[in-house]
2 protein chains.
Amino acid sequence: MNSIQLLSNHQLRKTQFRERVLDIFLRYERALSQKDLEEQLHESDRITLYRTLKTFEEKGLIHKAIDGSDRLKYALCAGHCDVHAHHDHHAHFHCVTCERTFCIEDVQAPALDAPPGFEVESTHVIINGRCAECAH
Amino acid sequence: MNSIQLLSNHQLRKTQFRERVLDIFLRYERALSQKDLEEQLHESDRITLYRTLKTFEEKGLIHKAIDGSDRLKYALCAGHCDVHAHHDHHAHFHCVTCERTFCIEDVQAPALDAPPGFEVESTHVIINGRCAECAH
DNA sequence: TTTTAAGTGCAACATTGTTGCGTGTTGGTT
DNA sequence: AACCAACACGCAACAATGTTGCACTTAAAA
Ligand SMILES: [Mn+2]
Ligand SMILES: [Mn+2]
Ligand SMILES: [Zn+2]
Ligand SMILES: [Zn+2]
């Protein structure tokens with residue numbers, strides 16, 4: 001899968017900026033913050049990046065990776081997500097040492113109970129710990 | 001348990017401001033954002049509130065309630081948390097309608113696997129859905 | 001090639017996080 | 001009761017991030 005395919009699959013115009021952003025996601029296989037992306041993009045406008053990420057999220061190219069850090073991160077969707085719904089229910093691993101966050105496709109959010117009257121819509125699992133590199 | 005006991009149990013000076021903040025947590029039995037608290041406090045200085053929450057969190061009176069919203073929330077610790085460690089491993093329910101967040105003491109974070117080489121330290125579970133009031 | 005809906009870049013403002021510092025307060029000591 | 005030192009408070013200031021409006025540029029369909 002390349003950035004051009006991703007854009008056309010999701011009915012998005014192909015622009016140089018969007019391709020650059022997607023290429024970074026494809027290169028780093030992990031969740032990235034807006035700051036992470038800015039560092040890779042060198043020249044870029046933060047508002048354009050902000051709106052690009054928002055659009056990608058709405059159209060189902062990327063999903064928010066909640067990791068408990070103060071910074072919002074996004075990661076590429078594995079597939080079949082679109083403008084109608086996201087289907088990423090995997091856990092996210094947040095390394096407390098290097099602050100990197102990884103999608104853990106193998107760990108799905110478990111079915112959980114909620115108190116009476118509460119309607120469960122989706123669940124998120126965040127795992128904190130040390131990644132393979134930082135655990136040495 | 002009242003606010004004065006909570007402060008002395010955690011080796012914190014008793015001040016009027018801290019008592020007011022704790023009273024709000026005791027009154028609303030849910031996770032509160034800094035903005036929620038400011039609305040209840042009427043007259044208050046946001047920097048003092050920021051530092052008060054930070055101190056409370058460090059001393060084990062309150063814990064961060066990660067709920068995936070853009071706003072950090074805090075909730076009262078159930079007990080036995082102190083300056084050394086927090087022991088809150090329950091799930092947090094975030095209502096997508098009213099944006100309120102509740103500690104679900106009954107739902108503990110499940111033991112989860114991580115990829116080889118990754119060291120798990122703690123896990124967080126966020127449940128999104130509709131609370132009893134909003135599910136009508 | 002023309003047309004137009006969409007994307008980009010900049011200004012501007014809001015919100016939140018964070019630190020420094022002078023002043024006021026708490027709780028223990030004299 | 002008065003005193004003192006550590007701590008807490010309130011304000012200024014700045015950083016980072018989120019968000020919108022608007023004029024200009026560009027993509028892709030006609
Ligand atoms: Mn993910
Ligand atoms: Mn909680
Ligand atoms: Zn790491
Ligand atoms: Zn609700």
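Order of the sequence lines fixes the chain letters, A, B, ..., with proteins taken first and strands second; residue numbering starts at 1 for each chain.
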Please determine whether a side-chain nitrogen of the Lys or Arg among R100(A) and E133(A) lies less than 4.0 Å from a carboxylate oxygen of the Asp or Glu. yes
Look at all strands and tell whether R18(B) reaches a base, only sugar-phosphate, or nothing, counting heavy atoms closer than 4.0 Å. sugar-phosphate
Closer than 4.0 Å, any side-chain N/O of K73(B) to the OP1 or OP2 of dT16(C)? no
Any Q34(B) side-chain nitrogen or oxygen under 4.0 Å from OP1 or OP2 of dG17(C): yes
Protein-nucleotide distance (L41(B), atom CG; dC9(D), atom P), rounded to Å: 12 Å
If you only use heavy atoms from C-beta on, which nucleotide in dC9(D), dT20(D), dC11(D) is closest to the side chain of I47(B)? dC11(D)
Considering heavy-atom distances to DNA chain C, does Q16(B) or E38(B) have its closest nucleotide positioned more toward the 5' end? E38(B)
To the nearest Å, give me how far apart CG (L22(B)) and P (dA8(D)) are. 13 Å
At 4.0 Å (heavy atoms only), tell me whether R46(B) reaches a base, stays on the sugar-phosphate, or touches nothing. base
What is the distance, rounded to the nearest whole Å, between atom CG of D45(A) and atom P of dC10(C)? 6 Å
From the options dC7(D), dT8(C), dT16(C), select the nucleotide whose nearest atom is closest to the side chain of R13(B). dC7(D)
Below the 4.0 Å mark, does dT16(C) have OP1 or OP2 next to a side-chain nitrogen or oxygen of R71(B)? yes
R20(B) side chain to L41(B) backbone, donor-acceptor under 3.5 Å: yes
Over how many whole Å does the gap from E19(B) atom CD to dT25(C) atom P extend? 15 Å
Around atom CD of Q5(A), are there more than 12 heavy atoms of other residues, nucleotides or ligands at under 6.0 Å? yes
Angle between ring planes, F118(A) versus F93(B), binned at 30° and 60°: parallel, tilted or perpendicular? perpendicular
Using the benzene-type ring in the case of Trp, are the ring centres of F56(B) and F25(B) under 6.0 Å apart? no
Between dC11(D), dT26(C), dA28(D), which nucleotide gets closest to the side-chain atoms of R51(B)? dC11(D)
Any base atoms under 4.0 Å from T52(B), or only sugar-phosphate, or nothing? Heavy atoms, all strands. sugar-phosphate
Integer-rounded Å distance: dT17(D) P and L72(B) CG: 16 Å
Measure from CD1 on I4(A) to P on dA28(D) and round the result to the nearest Å. 10 Å
Could you give the OH-to-P distance, from Y74(A) to dT17(D), as a whole number of Å? 13 Å
Taking only the side-chain heavy atoms of L12(B) (C-beta and beyond), determine which of dC10(C), dG18(D), dA8(D) contains the nearest atom. dA8(D)
Before we go on, tell me: are the rings of H89(A) and H87(A) under 6.0 Å apart, centre to centre? no
At under 4.0 Å, does any side-chain N or O of Y50(B) touch on OP1 or OP2 of dT18(C)? yes
Answer with base, sugar-phosphate or nothing: what part of the nucleic acid does T15(B) contact at a heavy-atom distance below 4.0 Å? sugar-phosphate
Whole angstrom value for the distance that separates C1' of dT16(C) from CG of D36(B): 14 Å
